[in-house]
Amino acid sequence: MHDSVEQAVERAIDTMRSNLSEQLTVDDMARAAMFSKFHFTRIFQRVTGISPGRFLSAIRLQEAKRLLTTTRLNVTDISLRVGYNSVGTFSTRFTKSVGLPPTTYRRMGGFAPRIPTQSPTGLTQGTITGQVTAPTHGPAPGLIFMGLFHHRIPEGPPAHCAILESPGAYHFTNVPDGTWYLLCHSVSGDVLRLQQDTMMVSAVGPLVVCGRQTLTADAHLKQVSKMDPPVLLALLDSRKAASERQARRENRAKLYAA
DNA sequence: CGCTAGAGCCATAAGAGATG
DNA sequence: CATCTCTTATGGCTCTAGCG
């Protein structure tokens with residue numbers, strides 16, 4: 001039974017991916033999965049962590065990111081190709097989710113110069129801490145991007161973010177009160193190609209922060225699957241970030257030696 | 001699994017700014 | 001200057017969340 005539910009959700013996601021330029025509705029997806037739209041919405045949310053509408057929107061923006069970095073199509077054409085009839089709506093949604101307007105994203109080669117974080121909202125003080133682990137077999141993860149988001153989908157500015165060079169401990173302090181998802185994303189190899197087999201992800205949550213308490217949340221990286229929501233936020237260039245870190249380490253070493 | 005109120009998304013249009 | 005892109009306001013409508 002559980003498997004058939006997952007298969008239905010997978011079928012719906014396949015329908016989304018192969019009909020990006022169509023005006024797909026939840027009704028259409030529910031029909032493809034052979035459920036009523038009410039029941040379909042519920043099981044979809046249970047399996048993926050987000051609603052079908054948001055998942056579809058995320059897939060559209062992910063495809064737009066790909067088209068921006070791999071083709072010379074203009075923004076209007078790309079917005080039409082991924083199912084938006086209005087370039088205005090597309091531009092607004094893209095900027096809000098990715099963190100950069102479409103043309104800036106293209107100019108930067110698909111990377112963000114820095115990852116913006118939300119400004120503190122007054123009542124802060126919680127702490128979230130834990131370990132990031134990776135599978136013992138298979139390719140080693142590259143740099144690990146970690147972020148605290150309001151939703152199960154990595155879009156918009158995170159409340160906090162960090163970069164780990166390898167699996168290990170992390171520590172977020174001054175986390176605002178609220179419900180958070182810890183989302184981790186690691187790429188070994190070429191980030192631009194975003195090949196599924198080189199990407200590892202982990203999602204932990206919901207984590208409810210209230211007051212000065214400390215929460216422990218361990219994140220286990222796993223190979224990305226079809227049912228994981230795509231990463232929308234523009235990430236840093238991992239190779240550049242790694243070389244900058246290396247340069248900083250060398251500078252520190254020189255200072256100590258002097 | 002069905003229903004419904006309200007939140008949020010999208011289309012449209014106009015205008016400003018950037019670019020070649 | 002023409003074209004492209006981005007931003008913003010507005011109104012309609014779809015979708016989600018919550019209840020039964």
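Scope of the values below: all heavy atoms of this structure, side chains included, with no hydrogens, waters or symmetry mates.
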Interatomic distance where CZ belongs to A:Phe94 and C1' belongs to C:dC4 [whole Å]: 16 Å

Ring pair (Phe, Tyr, Trp, His ring centres under 6.0 Å) partners for A:Phe172, two or more places apart: A:His160, A:Tyr170

Protein and nucleotides 9-15 of chain C: nitrogen or oxygen contacts under 3.5 angstrom:
none

Note, A:Val224 side chain near A:Met200 side chain (heavy atom, < 4.5 Å): no

Qualifying residues under side-chain hydrogen bond (donor to acceptor under 3.5 Å, both in side chains), relative to A:Thr133, sequence neighbours excluded: A:His220

Separation of C:dT7 P from A:Phe90 CZ (nearest whole Å): 12 Å

Under the side chain to side chain contact (heavy atoms under 4.5 Å, CB included) test, residues paired with A:Ser91 that sit two or more places apart: A:Thr95, A:Pro102

Contacts of type side-chain hydrogen bond (donor to acceptor under 3.5 Å, both in side chains), residue A:Thr173, not counting sequence neighbours: none

Side-chain touch A:Leu221/A:Ile144, heavy atoms, less than 4.5 angstrom: yes

Overall bend - the helix from B:dC1-C:dG20 to B:dG20-C:dC1, comparing terminal axes fitted on five pairs, nearest 10 degrees: 40°

Expected output: side-chain A:Asp218 to main-chain A:Gln131 donor-acceptor under 3.5 Å: yes

Between the protein and nucleotides 14-20 of chain B, which nitrogen or oxygen pairs are less than 3.5 angstrom apart?
none

Step-by-step salt bridge (Lys or Arg N to Asp or Glu O under 4.0 Å) determination, A:Arg60 to A:Glu63: CA-CA 5 Å; A:Arg60 284 179 167 162; A:Glu63 175 64 2; over 6 Å; no

d(CZ, A:Phe55; C1', B:dC9) in whole Å: 19 Å

Minimum heavy-atom distance A:Ala203-A:Leu183, with the two atoms named: CB-CD2, 3.5 Å

Within residues 51-73 of chain A or reaching into it, pairs that qualify as ring pair (Phe, Tyr, Trp, His ring centres under 6.0 Å) - sequence neighbours excluded: A:Phe44-A:Phe55

